[in-house]
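Have a look at the structure below before the remarks.
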2 protein chains.
Amino acid sequence: MRLTTHSEYALLALLYLSRNAAKGELISLSRITEEQKLPFKYMEHIMHTMLRAGLVTSSKGQKGGYKLAKKPGQITVAQVIRLFDGPLAPVDSVSVHFYKPTVIEKEKKLTKLMKEIRDYISSKLEKTTLKDLA
Amino acid sequence: MRLTTHSEYALLALLYLSRNAAKGELISLSRITEEQKLPFKYMEHIMHTMLRAGLVTSSKGQKGGYKLAKKPGQITVAQVIRLFDGPLAPVDSVSVHFYKPTVIEKEKKLTKLMKEIRDYISSKLEKTTLKDLA
DNA sequence: TTCTTATCCTACTAATATAATAGGAAAAGG
DNA sequence: CCTTTTCCTATTATATTAGTAGGATAAGAA
């Protein structure tokens, strides 16, 4: 697993929403990007991806913006990273959600090592929610 | 950490050398690539990188080839992966050997989570040697 | 000494991923 | 109906990944 700016920016935006969501209030993207100093146009894509994935909901127009689609305790770091950066596993051949064959598969002990790493990462990221981080 | 074919191929080659090195005998790259079905010309680069890094030694000409520069128990998986794919850490801002600032650094709990993952991966890969895998 | 076999080393290429920006359509509120 | 905001498509620049091509160089065999 290697994080790109997609996941990093997404997590920052989600944490901002988690903290500043006074009961269902919508927060505009410009507010998020100004306070966190993130590129607005780039963030539009990221928010859109999270919208389609059901992590946030949105409304257009004045007073429009975004809010979390679920409680912070129900959104895991794993969901976010899988959405933007794909597999948590170090190689595709040991990935549960994104399996693809690779050359190291015939090396049983090396594969086992990679699976142990995959298991550690996914259990850690699946049990950590926005609530834990905010 | 995400493995590319560089690290995967390198590890396969090193394991082949570990297994088939009858006391200091050199093994040609064509033998390695034929038996493991790896692209020869691509592997030349990989072997060259390992040569410069001191993981293998070589000799040219007939009867030439490669062999491990150290005992299998002294070459760790971490060395190989860092050489080809850089940081073991999931983000550069928590990397010990390849630190670079990133936007998530201000999020203390998220950073701590990433450091825990980094620590697990590096301790695992640093204590695993070719001897353990062969 | 010359031929063969291997590594050594530089250059090049094609495809994909990453990190954005540009510009306008659509909807909601004032 | 005007403004603000999301929605959505297209485009771009750079870097990374996964190779191939071709020749120089060294070592051993003939």
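Per chain, numbering begins at 1; letters A, B, ... match sequence-line order. Remember, it's a predicted structure, so these values are computed and weren't measured experimentally.
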Could you check whether any side-chain heavy atom of [X] comes within less than 4.5 Å of a side-chain heavy atom of [Y], counting everything from C-beta outward?
X	Y	answer
A:Ile121	B:Ile121	yes
A:Gln36	A:Leu38	yes
A:Ser93	A:Thr111	no
B:Leu125	A:Leu113	yes
B:Ile46	B:His6	yes

In this structure, how many angstroms lie between the [atom2] atom of [N] and the [atom1] atom of [X], rounded?
X	N	atom1	atom2	result
B:Lys63	D:dA27	NZ	C1'	13 Å
A:Phe40	D:dC8	CZ	P	15 Å
A:Leu29	D:dC8	CG	P	15 Å

(Q) Can you list, in residue-number order, the parts of residues 3-21 of chain B that come under 4.0 Å of DNA chain C, counting heavy atoms only? (A)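 Of all residues in residues 3-21 of chain B, none places a heavy atom under 4.0 Å from DNA chain C.
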Q.
Below 4.0 angstrom, which residues in residues 45-55 of chain A have at least one non-hydrogen atom near DNA chain C?
A.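 Going residue by residue through residues 45-55 of chain A, the ones with a heavy atom under 4.0 Å of DNA chain C turn out to be A:His45.
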(Q) Between A:Glu8 and B:Lys106, does any NZ, NE, NH1 or NH2 come within less than 4.0 Å of an OD or OE carboxylate oxygen? (A)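 No, no charged N to carboxylate O under 4.0 Å.
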Q) Quick one: do A:Glu105 and A:Lys100 make a salt bridge, cutoff under 4.0 Å? A)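 No, A:Glu105 and A:Lys100 are not salt-bridged.
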Which pairs would a plain distance check flag for residues 54-64 of chain B, meaning a side-chain donor or acceptor within less than 3.5 Å of a matching protein atom at least two apart in sequence or in another chain?
none

Quick test: give all pairs of protein nitrogen or oxygen and nucleotides 23-26 of chain D nitrogen or oxygen below 3.5 Å, distance rounded to 0.1 Å.
{"from": "D:dA26", "atom 1": "O4'", "to": "B:Lys60", "atom 2": "NZ", "distance (Å)": "3.4"}

Q: Return the set of residues passing salt bridge (Lys or Arg N to Asp or Glu O under 4.0 Å) with A:Lys112 (not counting sequence neighbours), or none when no residue passes.
A: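 Applying salt bridge (Lys or Arg N to Asp or Glu O under 4.0 Å) to A:Lys112 gives A:Glu116.
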(Q) Checking A:Tyr9 now: which residues fulfil ring-ring contact (aromatic ring centres under 6.0 Å, His included) with it, not counting sequence neighbours? (A)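 By the ring-ring contact (aromatic ring centres under 6.0 Å, His included) rule, A:Tyr9 matches A:Tyr42.
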Q. Looking at residues at least two apart in the chain, or sitting in another chain, which of them share a ring-ring contact (aromatic ring centres under 6.0 Å, His included) with A:Tyr120?
A.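 Applying ring-ring contact (aromatic ring centres under 6.0 Å, His included) to A:Tyr120 gives B:Tyr120.
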**Q.** Upstream residue (5' side of DNA chain C) when A:Met43 and B:Gly65 are each assigned their closest nucleotide
**A.**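 Residue closer to the 5' terminus by nearest nucleotide: B:Gly65.
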Q) Which residues within residues 76-90 of chain B lie with some heavy atom under 4.0 Å of an atom in DNA chain D? A)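 Residues of residues 76-90 of chain B under 4.0 Å from DNA chain D: none.
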Q: Only counting residues at least two apart or in another chain, list the ones meeting side-chain hydrogen bond (donor to acceptor under 3.5 Å, both in side chains) with B:Ser30.
A: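 Per chain and number, B:Ser30 pairs via side-chain hydrogen bond (donor to acceptor under 3.5 Å, both in side chains) with B:Ser28.
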Q. Mind checking which nucleotides bracket the chain B contacts on DNA chain C, 5' to 3', with an atom under 4.0 Å from a heavy atom?
A.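 Nucleotide range in contact with chain B: C:dT4 to C:dA11.
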Q.
Strictly by ring pair (Phe, Tyr, Trp, His ring centres under 6.0 Å), give each pair with a member in residues 78-107 of chain B just once, sequence neighbours left out.
A.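 The answer is none; no pair qualifies.
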(Q) Taking ring pair (Phe, Tyr, Trp, His ring centres under 6.0 Å) as the cut-off, I'd like each qualifying pair that reaches into residues 46-68 of chain A, sequence neighbours left out, listed once. (A)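 Pairs touching residues 46-68 of chain A that pass the test: none.
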(Q) Does either side chain, that of B:Thr129 or that of B:Asp132, offer a donor lying less than 3.5 Å from an acceptor on the other one? (A)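 Distance-only check passes for B:Thr129 and B:Asp132.
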Q | Residues A:Thr102 and A:Asp92: side-chain donor-acceptor under 3.5 angstrom | A |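 Checked: A:Thr102/A:Asp92 side chains show no N/O donor-acceptor pair below 3.5 Å.
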(Q) Using a heavy-atom cut-off of 4.0 Å across all strands, would you classify B:Ser59 as base, sugar-phosphate, or nothing? (A)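 The residue B:Ser59 makes sugar-phosphate contact but no base contact.
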Q: Could you tell me whether the phosphate oxygens of D:dC7, OP1 or OP2, come under 4.0 Å of any side-chain nitrogen or oxygen in A:Ser58?
A: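 Looking at the OP1 and OP2 atoms of D:dC7, one of them is under 4.0 Å from a side-chain N or O of A:Ser58.
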